[in-house]
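Values below: all heavy atoms of this structure, side chains included; hydrogens, waters and symmetry mates excluded. Note that ligands are numbered from 1 as they come in the structure, with each ligand's atoms numbered from 1 the same way.
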Amino acid sequence: MRVRAVVGVIALQGAFRRHAEVLGDLGATAVEVRTPSDLAAVDAVIVPGGESTTMSFLLDSSGLRAPLRARLADGLPALGTCAGMIVLATEVLDGRADQPGLAAIDLVVRRNAFGRQRESFEADLEVEGLAGGPFPAVFIRAPVVVSAGEGVEVLAQVADGPVLCRQGRVLVSSFHPELSGDRRLHQLFLEAI
Ligand code: GLN
């Protein structure tokens, strides 16, 4: 039995470093995933924020798309934040034609869903079932959920729609939980592993 879960952070592009720090603080072992063999060694995965079109392109060029998709279909626990939420969704609106979602969670999401004046903002979110008060959420050119399948739990929303959802062991947020210094969502993710 492994004493510490090994969590892979997809490190092709974007905001992956802070996730590893938070995981370390919580007692998990974080490894950066860039190749299919990196992926084979992990118990769970984080798909970070960044630019989903670029990340999608890099998933193809790195050879990670097919094995990642297969492991997710097999029940690999996953946390997707911002662009990571887009990459893990079933359908992407306002995306590029060549950025198919990995379909790890039954969501239709819209990229860059918050208008210009709110491209970046912070909000205190009430999160379903999360003790300790509202979660300080940092949104950066964030996506929003347009529709969620039956098996999806909406854990938090803003006026524009759901921004934190879970289906089984896949948790996704429109915002960047790794940036606010509040570790409760990473903790929630680790509890599912
Ligand atoms: N707007 C980016 C995208 O569409 C996501 C932004 C982010 O991850 N902070 O991929």
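No donor-acceptor contact under 3.5 angstrom links the side chains of Arg96 and Ser56, judged on distance only.
Among all heavy-atom pairs drawn from Pro67 and Leu39, the shortest one is C-CD2, 3.7 Å.
The pair Arg111-Asp94 fails the salt-bridge criterion, with no side-chain N (NZ, NE, NH1 or NH2) lying under 4.0 Å from an Asp/Glu carboxylate O. Under the 4.0 Å criterion applied to side-chain N and carboxylate O atoms, Arg141 and Glu51 are assigned as salt-bridge partners.
Proximity of a side-chain donor or acceptor of Thr81 to a complementary backbone N or O of Ser173 within less than 3.5 Å is not detected. A donor-acceptor pair under 3.5 Å links the side-chain atoms of Arg34 to the main chain of Ala11, judged by distance alone.
The protein residues lying under 4.0 angstrom from ligand 1, judged by non-hydrogen atoms, are Gly49, Gly50, Glu51, Ser52, Cys82, Ala83, Ile86, Arg111, Asn112, Ile140, Arg141, His176.
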